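Proteins get letters first, then strands, A, B, ... in listed order; numbering begins at 1 in each. When reading the values below, keep in mind they use all heavy atoms of this one structure, side chains included, and skip hydrogens, waters and symmetry mates. All figures in this text were calculated on a predicted structure; none of them were measured in a lab.
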Amino acid sequence: MIKTQNLFYFYQEQESDNKTQVLKDISLDIPKGEFVALLGHNGSGKSTLARTFNAILIPEGGKVYVDGLDTSDENLLYEIRKKAGMVFQNPDNQLVATIVEEDIAFGPENLGVESKEIRKRVDDALNAVGMRAYISHAPHMLSGGQKQRVAIAGILAMKPECIILDESTAMLDPSGRKEVMDTIKKLNHELNMTVILITHYMEEAAQADRVIVLDEGKVVMDGKPDEVFCQVDRLKELRLGVPEVTELSYILKQKGVDLGDGILTTDDFMDRFKAVIGK
Amino acid sequence: MLGDITLGQFYPTNSIIHKLDPRVKIMIALLIIVGLFVADSFYAYLLCTLFIAIAVFLSKVPVGFIFKGLKPLLFIMVFTAVINVFLTDGRTLFKVWFLRATYEGVIIAFVMVLRLFLLVTATTLLTLTTSPIMLTDGIERLLKPFNAIKVPSHEIAMMMTIALRFIPTLLEETDKIIKAQSARGADFTTGSILKRAKAMIPILIPLFISSFKRADELATAMECRCYKGGDGRTKLKVLKCEKRDYIALFSIVILLILIIFLNIFAG
């Protein structure tokens, strides 16, 4: 679905000729239907990388292909953005219209979709994110999690194949985060949507199929969540955490209680803990 | 403190006036203003008054609601009336000190106030019965023919929509900034007007900075949703004129013709 080849990106520093290298030689292949979590501490280049996926930023070296389409080809710009939709951090700053349904219609309206078809897409998108009841609400009357679900619906209405969430849960409270996570997991499972989730919450990353860790513009870890999160020391070096239960089992292991590696969820932890204690 | 605001002054009642096409309503509002300025006889004003009264009745908006919109204009109305009563030449009605009220002045004053009153009632009725979205939609469509002379109709409508969308968001933010600055010891409620105006600066600067940031983020988000201006854009809700819209347009045209007719023959 998304393929990068030797991707490089620089930022021009203000008031000097220095260029900061943000992305260094990134080659990734994200197949269709995969749920990928992108991790990295601040300034690791993860947002920049995500922005090259829908041609908001064009790489300065290397190539990015979205479903085989080259993002550096300007003629394909809208085709690419239609395929790879992006949801941002602040829910307030991405909703355009004063009524939920009008906002969701914004994308398809831009694409020149027929009104009848737009109507259908708006309804489908609202159902997919479970916001049908709020069709004629004003966005500012909704909670953070609801706004973010509307933003996701706005992307869905363009019928994308991939949805990129750039720290979309960062400004939400725990219940809002859960709403959004449940929604994207549902989209991933039911609609086979490719999901790229940038997050600081390790518990969220643990729910993905694949975790990619960036540091100083390079891919430093790439694998299944349990493979990545069992390297607790390595992640700490990269100034990242691990899910709480993973850390707990890591500490227990150091103290002599070995529950095994790759514990990512509380349920899993409890099962294994009970099994060990029960002995 | 700034939380409870309604956008515009839309008063939904689902009446026939509400259901009229916004383009038709905007046109009628404009034409009735023209009519009021052209009108030159007693019967013409009577017709205009009747027309607006019927519209108010059909809209099912409480009359008190409309009068509330007139309150800020009370001063201008009284001022206009007084000026006209005393400064028009003609037969003396009564004298106060050196000021002379005239018979003609009273008539002109009455006409002026009636004209203002009807003007404001008509436009208030437009905003009371048309939601902001419909209004912007209507304006966009009505301005479309002017694209030829480089009037950016789509951009104007888009700006209006975004402004409406962000009014509550920015109000909320202002509220937060006021609280944050108060917590740091800022005083907005005492001192001279000048001092209070100066106290607003620490509110406005953060507000401006965050607005620019918001605008930047919104622009990126809009680009991500394939926004490329008005060309080739479709609409979720297409405005369509129905029978009632033609009837409404027909009635305003009749009214205008009658006014002109009365001007010529009864004036």
Structural part of B/T136 lying under 4.5 Å from a heavy atom of chain A: neither

Side chain, backbone, both or neither of B/L236 within contact of chain A (heavy atoms, under 4.5 Å): both

Determine yes or no for a side-chain-to-main-chain donor-acceptor pair under 3.5 angstrom, with B/Q181 supplying the side chain and B/P202 the backbone. yes

Taking atom types as modelled and ignoring hydrogens, do the side chains of A/S168 and A/Q89 form a donor-acceptor contact shorter than 3.5 angstrom? no

So, the part of A/L77 with a heavy atom under 4.5 Å from chain B: the answer is neither

For A/F88, is it the side chain, the backbone, both, or neither that has a heavy atom closer than 4.5 Å to a heavy atom of chain B? side chain

So, the part of A/D92 with a heavy atom under 4.5 Å from chain B: the answer is both

I'd like to know whether NZ of B/K228 has more than 12 heavy-atom contacts from other residues, nucleotides or ligands below 6.0 angstrom. yes

Go through the side-chain N and O atoms of A/N93 and B/R214 and say whether any donor and acceptor fall under 3.5 Å apart. yes

Non-hydrogen atoms of chain B under 4.5 Å away: do they reach the side chain of A/P108, the backbone, both or neither? backbone

Under 3.5 Å, is there a donor-acceptor pair between the B/T169 and B/R165 side chains? yes

Please rank A/N54, A/V113, A/N90, A/L111 by heavy-atom pairs under 4.5 Å with chain B and give me the top one. A/V113

Among side-chain atoms of A/N110 and B/R225, is any donor-acceptor pair under 3.5 angstrom? no

With chain B as the partner, which of A/K82, A/E102, A/M86 has the greatest number of non-hydrogen pairs under 4.5 Å? A/E102

Parallel, tilted or perpendicular, judged at 30° and 60°: which one describes the rings of A/F8 and A/F10? parallel

What part of A/E101 gets closer than 4.5 Å to chain B, counting heavy atoms only: side chain, backbone, both or neither? both

Who wins among A/G112, A/G107, A/P139 for the most heavy-atom pairs under 4.5 Å with chain B? A/G112

Taking side chain as everything from C-beta outward and backbone as N, CA, C, O, which of these in A/L95 sits under 4.5 Å from a heavy atom of chain B? Side chain, backbone, both or neither. both

Partner chain B: residue of A/A84, A/G154, A/A151, A/G85 with the largest heavy-atom pair count (under 4.5 Å): A/G154

Measuring only between side-chain heavy atoms, which start at C-beta, is A/V100 closer than 4.5 Å to A/L142? yes

What part of A/V122 gets within 4.5 angstrom of chain B, counting heavy atoms only: side chain, backbone, both, or neither? side chain

Backbone N or O of A/V96 within a donor-acceptor pair of the A/D103 side chain at under 3.5 Å? yes

What residue, out of A/E114, A/E109, A/M158, has the most heavy-atom pairs lying under 4.5 Å from chain B? A/E109

